[in-house]
Amino acid sequence: MPGAQDGSVIEVLAGRTGVVLAVGDDGRLHQIAFGADVAGRRPELPVGLHPLAHPTFGEEVGREAALRITHADGATSTRLRFEAVEREPHEHGEVVRVHLRDRVAPVSVTLGYRTWPATHVLEQWVEVADDGDAELVLHRFASSAPALGGADPRLTHWGGGWAGEWRPVTEPLRRGTKTVASFGGVRPSLHLSPVVLVEPDGPASETEGLVGACALAWGGDARVDAEVTTHAQQRLVVGVQHVGAERRLGPGERFVTPSACWTWSAAGRGPASRALHDHVRRHVVRDGLGIRATVANTWEAVFFDLSTDGLVELVDRAADLGAELFLLDDGWFGGRYPRDDDTTSLGDWDVDRSKLAAGLDPVIERTLARGLRFGLWVEPEMVNPASELHDAHPDWAIGEPGREARTERHQLVLDVLRPEVAAHVAGAVHRVLDAHPGISYLKWDANRDLTEPGSPALPVDRQSHLPIDRVRATEAIFREVAERHPDVELMACASGGGRSDLGTLRWFHELWTSDNTDPVDRVRLQWGASHLLPASVLGAHVTRWGGRPIAFGAAVALSGRFGFDLDLRTLTDDEAATLADAAATARLVRDLVQQGDLHRLVDPVGRDRGALAYVDPNGGRAVAFAFRLPDGDPGPTDAVALPFVPDGAGVDAIDRTPRPRGEADRAWRPLAGPRLAWPVEPAPSATVVELRWG
Ligand code: DGJ
């Protein structure tokens with residue numbers, strides 16, 4: 001029976017993902033099995049010979065610890081004994097709490113699990129409580145630390161910095177500990193993407209092999225330690241980056257880690273990604289089953305060079321081309337300090353009347369009159385030293401006494417641990433939205449990391465709480481804005497995809513995948529992102545970056561949440577017709593792209609070709625993309641097999657590759673093979689084909 005308790009065995013099952021725990025004779029909790037299809041697994045050895053369920057410092061000699069505490073009496077070892085297990089249903093599954101307690105110190109530790117059986121996701125977190133009458137110090141507090149079996153373990157992680165998000169590294173794990181981590185606190189996913197894959201038995205393909213995916217739902221720094229001991233035992237320790245974030249816990253205080261979200265597949269990477277996509281759409285992002293609009297953004301079109309007439313012209317062009325939402329990016333605000341570049345004005349969220357004399361209203365009215373929604377960019381957590389806000393409150397930025405506060409992109413981070421600053425930040429957003437009821441979309445940006453991470457809101461001996469408390473204070477602002485403006489769609493942005501994690505996304509509808517919009521790079525970058533995130537949340541815009549053909553850029557953007565971000569007044573007639581055709585195609589196929597099942601067909605990373613398809617979960621329909629890229633090693637040249645088409649099914653196809661002639665001569669035709677042909681040279685080039693069968 002799923003989730004059954006059998007004597008001292010505790011089974012926690014989330015579809016095909018699960019964990020089996022057992023209590024040993026001495027009361028310690030051990031992991032019997034973890035991963036795919038573990039239901040019914042029972043100890044084959046004495047329980048005490050299995051790895052600990054949650055290893056603590058001083059307990060397992062010579063191994064990574066998931067929890068390290070200096071107790072009130074100075075002791076540094078923690079030995080946990082099982083006390084009780086509690087199970088209760090939630091709307092979509094079950095919450096299981098396994099209560100443990102130190103053998104001596106008044107410290108209780110709870111291993112929390114939340115199951116999501118329909119999406120095969122098992123969430124795990126840890127709670128530590130100080131039940132004594134003196135303070136303890138938490139040095140390390142991972143969310144999840146399962147032991148992994150397997151003869152040839154691999155770890156895949158992604159990162160790459162600004163404009164380089166989602167560059168993969170897959171490496172065999174050998175003796176020692178491999179650490180991947182983020183630092184900086186505000187844009188962690190630029191440094192380390194918020195998911196890792198483990199393949200315990202060697203490389204998995206899209207359709208074969210054992211794969212575990214783990215995503216930490218946390219908008220701050222993360223850390224993954226992949227350990228292989230001298231005895232070839234393996235463990236993955238996943239949690240918040242604890243370095244520089246040590247925590248004191250006073251009597252009665254409880255620290256709860258964010259969740260690590262696991263999913264497992266015994267049939268390769270494809271099912272793991274599809275489970276995560278389903279999960280993100282159903283249970284993480286807001287309105288995840290809704291269809292996202294086609295966005296026309298101003299950033300790469302005009303940067304800071306804004307005028308009412310220019311914007312109205314862009315709105316008209318965007319409407320003519322089929323956009324559904326006009327997004328006014330950076331540059332619209334500022335008072336005494338005009339925002340003509342990135343050196344000033346963050347914090348001064350009033351419309352810059354020197355650029356937009358009559359405010360935003362004429363642009364919003366024109367946008368709505370043309371049948372589009374209106375969106376606006378803000379970066380409310382930040383302040384430029386050159387701003388009226390900073391003139392009035394020079395002490396509102398994060399910093400340390402007597403240390404120079406360094407700027408990055410000429411800006412500082414506001415100290416939202418101070419209640420008056422948090423209220424001001426949220427209030428600034430409310431004020432903009434309340435004053436402009438026509439705004440139904442907000443791009444929320446954050447463009448620097450933390451340095452000198454200090455706050456007067458924290459006692460001297462708790463300054464290291466800042467990295468975690470700042471994330472939580474920021475989440476509280478996200479929550480407040482989401483609750484107060486439930487109809488405003490939110491895009492998460494942090495210099496591109498710096499906040500792509502499942503924690504932040506709970507308050508958002510979608511994210512800006514990367515500032516790198518060169519479509520050649522985007523083919524590979526979006527491929528990486530697809531290991532965690534569904535295309536519905538991955539903003540993908542046609543731009544001039546890289547100087548690629550518009551038809552190619554449009555095809556790449558169609559494989560994500562489609563939009564434009566280029567000066568629509570400079571398009572040639574052919575380019576305009578191609579974009580209009582792509583926008584029409586977006587309306588025809590976005591149900592598949594945004595809500596369908598992704599099948600990654602040919603990996604473009606490092607190669608000159610790539611292919612993928614989105615398939616109707618009920619079968620019978622798909623849209624497939626094939627890309628030829630101008631660089632990389634030669635990829636496979638055979639036409640692409642479509643493994644999601646049932647054997648023997650006759651497939652009809654219609655070519656929906658963006659082109660100036662639009663629908664002319666487009667017709668459904670039988671697809672030979674059925675296989676997808678590669679686009680013709682010269683690269684970069686793309687083919688977009690809608691398929692139907694059955
Ligand atoms: C960084 C974002 O990623 C860009 O899309 C753009 O909004 C700029 N900030 C504006 O300053």
Side-chain angles (χ1 to χ4, degrees), residues 160-166 184 186-191 193 219 295-306 311 314 325-334 337-349 352 355 374-384 386-387 407-413 429 432 439 441-449 489-501 504-505 508-519 521-522 525-526 529 533 537-546 553 557 560-567:
W162 178 77
E165 299 92 332
W166 293 104
V186 179
R187 307 173 298 176
S189 324
L190 290 187
H191 313 293
S193 302
V295 174
N297 190 21
T298 60
W299 178 241
E300 289 191 51
V302 289
F303 296 101
F304 297 96
D305 185 12
L306 306 181
L311 289 175
L314 284 175
L325 195 153
F326 185 78
L327 171 57
L328 174 53
D329 208 285
D330 200 349
W332 59 268
F333 53 93
Y337 298 88
R339 177 92 170 157
D340 294 332
D341 54 32
D342 61 12
T343 60
T344 66
S345 322
L346 291 176
D348 301 345
W349 299 106
D352 180 351
K355 290 181 189 167
F374 186 84
L376 194 67
W377 178 95
V378 288
E379 193 180 355
E381 297 157 65
M382 304 287 165
V383 63
N384 286 117
S387 67
T407 56
E408 196 185 332
R409 208 195 189 207
H410 314 283
Q411 63 197 58
L412 300 166
V413 184
V429 179
V432 169
I439 298 175
Y441 182 100
L442 211 60
K443 175 176 176 182
W444 187 304
D445 207 344
N447 285 298
R448 67 155 291 174
D449 287 322
E489 216 173 304
L490 294 184
M491 172 196 257
C493 177
S495 306
R499 280 177 175 164
S500 309
D501 58 281
T504 305
L505 286 175
F508 289 81
H509 293 73
E510 60 179 23
L511 61 99
W512 183 228
T513 313
S514 174
D515 274 356
N516 185 341
T517 57
D518 176 343
D521 291 343
R522 273 296 189 113
L525 204 147
Q526 290 168 197
L533 298 167
V537 308
L538 295 170
H541 294 174
V542 187
T543 72
R544 294 279 186 200
W545 190 319
R561 197 280 289 130
F562 182 73
F564 317 129
D565 201 340
L566 72 173
D567 190 343

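In what follows, residues are counted from 1 in the order of the sequence shown. Counting starts at 1 for both ligands and their atoms, following the listed order. Values reported hereafter were calculated over all heavy atoms of this structure, with side chains retained and with hydrogens, waters and symmetry mates removed.
Listed by chain and number, the residues in a side chain to side chain contact (heavy atoms under 4.5 Å, CB included) with Asp352 are Pro338, Ser354, Lys355 (sequence neighbours excluded). Residues satisfying the side chain to side chain contact (heavy atoms under 4.5 Å, CB included) test with Asp518, not counting sequence neighbours, are Asn516, Val520, Asp521, Trp545, Arg548.
Residue Leu566 holds its CG atom at 12.0 Å from OG1 of Thr298, rounded to the nearest 0.5 Å.
In the candidate list Leu327, Asp342, Asp445, Asp445 is nearest to atom 1 (C) of ligand 1, counting heavy atoms.
Ranking protein heavy atoms by distance to atom 3 (O) of ligand 1, first place goes to Asp515 OD1, 2.4 Å.
Proximity of Ser495 to ligand 1, defined as any heavy-atom pair under 4.0 Å, is confined to the backbone N, CA, C and O atoms. Here Lys443 has side-chain heavy atoms under 4.0 Å from ligand 1, and that is the only part of it that gets that close. Under 4.0 angstrom from ligand 1, the non-hydrogen atoms of Arg409 all belong to its side chain.
Near Asp329, with a cut-off below 4.0 Å to any heavy atom, the atoms of ligand 1 are 6 (C), 7 (O), 10 (C). Taking a cut-off of under 4.0 Å to the non-hydrogen atoms of Gly496, the atoms of ligand 1 that pass are 3 (O). Near Cys493, meaning under 4.0 Å from any of its heavy atoms, are these atoms of ligand 1: 2 (C), 3 (O).
Ligand 1 has no nitrogen or oxygen under 3.5 angstrom from a nitrogen or oxygen of Phe304. Between Asp330 and ligand 1, at least one N/O pair is under 3.5 Å apart.
Remark: the Ser495 side chain and the Arg187 side chain contain an N/O donor-acceptor pair separated by less than 3.5 Å.
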Check against salt bridge (Lys or Arg N to Asp or Glu O under 4.0 Å), Arg561 and Glu489: CA-CA 14 Å; Arg561 197 280 289 130; Glu489 216 173 304; over 6 Å; no
Full working for side-chain contact (heavy atoms from CB on, under 4.5 Å) between Met491 and Trp377: CA-CA 9 Å; Met491 172 196 257; Trp377 178 95; over 6 Å; no
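For Phe304 and Trp299, the distance between ring centers is under 6.0 angstrom.
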